[in-house]
Amino acid sequence: MVRWDEAWGPRPKRVVAPYWWPPGLILRQAASALYVGALAHWRGIPGWFARYGFRCLPGAAGSRGMGCIGFPPHPVWEMTTACNLHCIHCHTSAGRPSADELTTPEARRMLNELATNADFRMMAFTGGEPLLRQDLFELLAYSHALGFNNTIATNATLVDEAVARDLNRQGVVIAAVSLDGFDAASHDRIRGSRGAFDAALAGMRALRKAGILLHVNITAMEYNLDQLEPLVQLVEALGAGILLFYQLVPVGRGKGIGAASLDLSANEKLIRFMARAQEDARAIMEPVAGPQYWPFLLQRAGIRSGHRLRLAEWVFHGCSAGRGFVYIKPNGKVWPCPFIELACADAREEGFLDTLNRSAVIQDLQQREARLGGRCGRCTYRRLCGGCRGRALATTGDLLAEDPFCFLEPCASAEVTSAE
């Protein structure tokens with residue numbers, strides 16, 4: 001039962017639709033998991049459904065299948081740039097809190113407007129480190145009272161059993177925790193803090209004990225590309241139900257280590273590894289900034305047209321930028337995704353969702369099939385993949401340019417063998 005403190009004022013009325021309504025949403029979520037299971041020859045999918053599948057539903061609320069950053073559409077609020085770590089690849093350049101972060105009343109108004117979007121059922125809180133905002137639990141409670149299912153992205157180093165129980169009481173159904181090395185030496189180096197690895201493991205165990213579904217994020221880069229197998233084994237041992245493989249996009253502090261970004265061959269190596277690892281995994285795996293995963297699976301299965309491709313386009317969405325995904329910065333600026341540093345609206349202003357939808361950037365992203373350049377514009381899979389728009393912008397300066405690290409060439413007719 002979510003706790004409401006009377007000091008927070010009147011409890012808001014629920015306005016967000018239940019995550020299970022309409023039932024077609026659940027059908028699409030199940031279909032996306034089953035289809036990726038079939039394409040990846042996932043032997044563990046019955047066990048995943050039994051252990052985690054139904055528990056994922058509240059967190060996938062409003063989802064119309066799988067896409068980059070998990071699923072579209074949903075809002076993510078980067079609550080603060082304050083952080084107790086100093087990760088070398090942080091896209092927010094987190095450390096100290098920004099002077100112009102949304103206040104508690106402004107955050108409430110933002111949540112009220114997000115609740116008017118009929119597609120949204122889940123609210124994601126991230127940072128920086130959300131646990132460093134003093135009003136976190138109040139805003140979690142407010143969000144849940146509106147009807148949202150809450151998820152939180154945390155480095156978990158500040159999570160103990162008491163904190164985990166409080167998160168659970170305030171409607172957090174999934175906690176996403178980053179793990180960038182399979183041991184203390186590698187993880188702590190990337191996270192810029194000694195002891196981060198051990199503290200994160202303790203935090204993840206506390207979250208699971210509190211009944212919160214564990215979701216792990218791995219940011220793949222040259223520094224850890226050779227650790228993927230032991231990393232996945234560690235994630236499995238921790239009992240995670242969801243595993244997202246991010247790729248380093250050179251934005252924020254990541255610009256300083258742009259050379260560590262995966263090039264074309266390393267992108268292929270990662271995606272082939274994901275497909276192979278999914279076969280025996282307990283967790284479901286999804287790409288972030290690597291939408292070529294979906295067409296790779298389809299090409300490997302010989303799917304280039306017909307009803308099976310249309311089914312894939314129905315449940316896989318590749319790059320989610322501009323497709324219902326809303327990313328709100330600490331100062332209220334609204335971006336298409338955390339890797340596209342283009343403000344399209346301001347959450348401090350009333351009606352910011354309408355402003356966002358009228359943005360020329362969002363319209364370009366929504367109509368990308370007709371506007372993409374280069375190989376992406378000619379690709380058979382441009383609707384369900386479309387390339388990583390954030391990576392295209394960061395590396396070429398053109399939001400609609402071809403993804404320079406797509407290895408599926410030529411896209412429309414490449415033969416992808418199942419041999420690894």
Residues Thr396 and Asp398: side-chain donor-acceptor under 3.5 angstrom:
no

Sidechain N-carboxylate O distance under 4.0 Å for Asp119, Arg64:
yes

Between Asp135 and Arg133 (salt bridge meaning N to carboxylate O under 4.0 Å), is one present in this structure?
yes

Are more than 12 heavy atoms from other residues, nucleotides or ligands located less than 6.0 Å from atom CD of Glu229?
no

Kindly list each side-chain donor-acceptor pair under 3.5 angstrom involving residues 189-198, sequence neighbours excluded, with atom names and distances?
unit_1 : atom_1 : unit_2 : atom_2 : d
Arg191 : NE     : Asp180 : OD2    : 3.2
Arg191 : NH2    : Asp180 : OD2    : 2.6

More than 12 heavy atoms from other groups under 6.0 Å of CD on Glu369
yes

Taking the side chain as C-beta and beyond, is there a heavy-atom pair between Phe245 and Val232 under 4.5 Å?
yes

Write down the atom of Ala115, the atom of Leu146, and the distance for their closest heavy-atom approach.
CB-CD1, 4.3 Å

Name of the residue among Asn149, Thr151, Asp166, Leu140 meeting side chain to side chain contact (heavy atoms under 4.5 Å, CB included) with Val172
Leu140

Return each pair, listed once, that meets ring pair (Phe, Tyr, Trp, His ring centres under 6.0 Å) where at least one residue sits in residues 112-140; pairs must be two or more places apart or across chains.
none

Kindly compute the distance separating CD1 (Ile88) from CZ (Arg253), expressed to the nearest 0.5 Å.
9.5 Å

Residue from Asn331, Thr81, Thr92 passing side-chain hydrogen bond (donor to acceptor under 3.5 Å, both in side chains) with Ser98
Thr81

Where the side chain of Asp183 meets the backbone of Ser186, is there a donor-acceptor pair that is under 3.5 Å apart?
yes

Is it the case that atom CZ in Arg282 sees more than 12 heavy atoms from other parts of the structure closer than 6.0 Å?
no

How far apart are the C-alpha atoms of Val163 and Leu158, what are their side-chain angles, what is the distance that settles it, and do they pass the side chain to side chain contact (heavy atoms under 4.5 Å, CB included) test?
CA-CA 8 Å; Val163 169; Leu158 302 178; over 6 Å; no

Under the side-chain hydrogen bond (donor to acceptor under 3.5 Å, both in side chains) criterion, do Thr80 and Glu101 qualify, and how do the steps go?
CA-CA 7 Å; Thr80 181; Glu101 294 178 358; 2.9 Å; yes

Using the ring pair (Phe, Tyr, Trp, His ring centres under 6.0 Å) rule, collect all pairs that involve residues 72-104, keeping only residues at least two apart or in two chains.
Phe71-His74, His74-Phe325, His91-Phe339

Determine whether more than 12 heavy atoms belonging to other residues, nucleotides or ligands lie under 6.0 Å from atom CZ of Arg96.
no

Quick one: are Cys68 and His317 in side-chain contact, heavy atoms under 4.5 Å?
no

Glu113 with Arg109: basic N within carboxylate O range, under 4.0 Å
no

